[in-house]
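Here the structure comes first, spelled out in structure tokens, and everything after it is commentary.
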Amino acid sequence: MSIVFVPKKLRGKAKINQETIQRLLDENDQLIRCITEYMQKGRAVECVQYQQILHRNIVYLATIADASPDNVPPSSNSTSNETSVSRPPMNGHGGT
């Protein structure tokens, strides 16, 4: 069972740490492998439950990422000013 499925009484009380995130990423890797294997065998119907779990995990990880502060340091080859200038616009319209 996915670690995302937490009883309602325990929701919001779990500590989110690197180990939890890594377990989810490992679980997602395994889910993708299972989905791929079933698809190759022509068993698309069996994939649905794994796809739903994978979707929940990805949404959960995205929620964690959105809620956490940006603490990724810029690369050592550029300054923070260069990094912000070279970044593409977030709206996807190419700045026009």
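In this chain, numbering begins with 1 at the start of the sequence shown. From a predicted model like this one, the values you see are computed outputs, not experimental measurements.
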Go through the steps to decide whether K41 and E37 satisfy the test salt bridge (Lys or Arg N to Asp or Glu O under 4.0 Å), and finish with yes or no. CA-CA 6 Å; K41 293 179 178 179; E37 183 178 328; 3.1 Å; yes
Pairwise distance [atom1]([X]) to [atom2]([Y]) - rounded to 0.5 angstrom:
X   : Y   : atom1 : atom2 : result
N57 : H55 : CG    : NE2   : 10.5 Å
L54 : C47 : CG    : SG    : 11.0 Å
T36 : L31 : OG1   : CG    : 10.5 Å
Q51 : M39 : CD    : CE    : 6.5 Å
Q49 : I35 : CD    : CD1   : 9.5 Å

Report yes or no: do Y60 and L25 belong to one cluster of Ile/Leu/Val/Met/Phe/Trp/Tyr joined by side chain heavy-atom distances under 4.5 Å? yes
Do the side chains of V59 and I64 join up, straight or via other hydrophobic residues, at under 4.5 Å, putting them in one cluster? no
With no hydrogens and no angle check, do the side chains of N17 and T20 hold a donor and an acceptor under 3.5 Å apart? yes
Testing Q30, Q22, R23 one by one against D26 for a side chain to side chain donor-acceptor pair (under 3.5 Å), which residue passes? Q22
